[in-house]
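What follows is a single structure, written as structure tokens, with notes after it.
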Amino acid sequence: MTALVAVALVTGLVAGFSLSASSGTAGRGGPQNPASQPFYLTLLITGGNWFNGTVSDQPSYFVLQNNSTLSSSTITMPSDRRIVLTILNCDNGTDQLSMPIFNQAMGAANDTVGVASARGLTMNELQEPASLAGMAGWRNMTTLSSTDISHTFTIISGAVVVNVPVMPNSIEVSGFALPPGQYIWQCECSCGNGPGGWGGAMAPSEWMSGVVNTVS
Ligand SMILES: [Cu+2]
């Protein structure tokens with residue numbers, strides 16, 4: 001799927017939840033000067049979501065906030081602030097990338113992602129790269145094996161501005177910051193149904209694509 005096709009797919013989709021400085025993802029920033037603190041965005045990927053009567057099980061992204069899974073159709077985050085992105089991938093499947101380049105971390109700090117196994121971690125550990133980095137099995141990676149990618153979290157504004165390739169059954173932490181604006185996010189791995197895997201979850205927004213709004 002090209003970026004242009006993806007833009008067409010999600011154009012006109014604006015909804016979602018409002019940004020709150022005391023929300024679950026921002027709450028660790030502290031009340032005094034939250035803008036100087038990271039904003040914690042935690043995304044969950046699960047594999048077996050009922051899609052429809054023809055295509056039963058499809059993977060989907062969710063925003064994990066205040067111990068709830070929220071729609072990922074619109075993801076709101078502060079602009080010009082360090083975003084600590086934690087992706088919890090509970091999907092063990094692998095699929096083909098739309099283009100080979102999407103096996104590379106792009107736009108994240110140092111163009112790396114940290115990859116760990118989920119076993120026995122606390123939420124604080126999950127959301128803090130510094131605490132994860134010293135753990136056994138933690139790896140900082142710039143490029144993942146293209147045959148071992150389950151999904152990507154890719155943010156696009158004309159060009160790709162962030163790309164996080166996601167291994168099956170993994171936790172990945174990365175960091176980035178974006179100027180104010182509206183972006184497209186999408187998975188660049190053919191994890192859906194139908195010809196080539198680009199149907200099913202890959203077709204509508206919310207499952208594997210949507211909008212990112214960054215607000216000051
Ligand atoms: Cu996907």
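Throughout, residue positions are numbered sequentially from 1 according to the sequence presented. All of these numbers come straight from a predicted model, not from anything done at the bench. Both ligands and their constituent atoms are indexed starting at 1 by order of listing.
- Excluding waters, the protein N/O/S atoms found under 2.8 Å from the Cu ion (ligand 1) are His151 ND1, Cys187 SG, Cys191 SG, Met208 SD.
- Screening residues 142-164 for ring-ring contact (aromatic ring centres under 6.0 Å, His included), with sequence neighbours left out, gives Tyr61-Phe153, Phe153-Trp185.
- Taking every heavy atom of both residues into account, Ser150 and Gly93 meet most closely at OG-O, 2.7 Å.
- Among residues two or more places apart in sequence or in another chain, the ring pair (Phe, Tyr, Trp, His ring centres under 6.0 Å) test is passed with Phe51 by Trp207.
- Minimum interatomic distance between Val113 and Ser174 (heavy atoms only, all atoms of both residues): CG1-CB, 3.9 Å.
- Under the 4.5 Å side-chain criterion, counting only non-hydrogen atoms from C-beta, Asp95 is not in contact with Met202.
- The side-chain hydrogen bond (donor to acceptor under 3.5 Å, both in side chains) test applied to Thr152 returns Thr154, not counting sequence neighbours.
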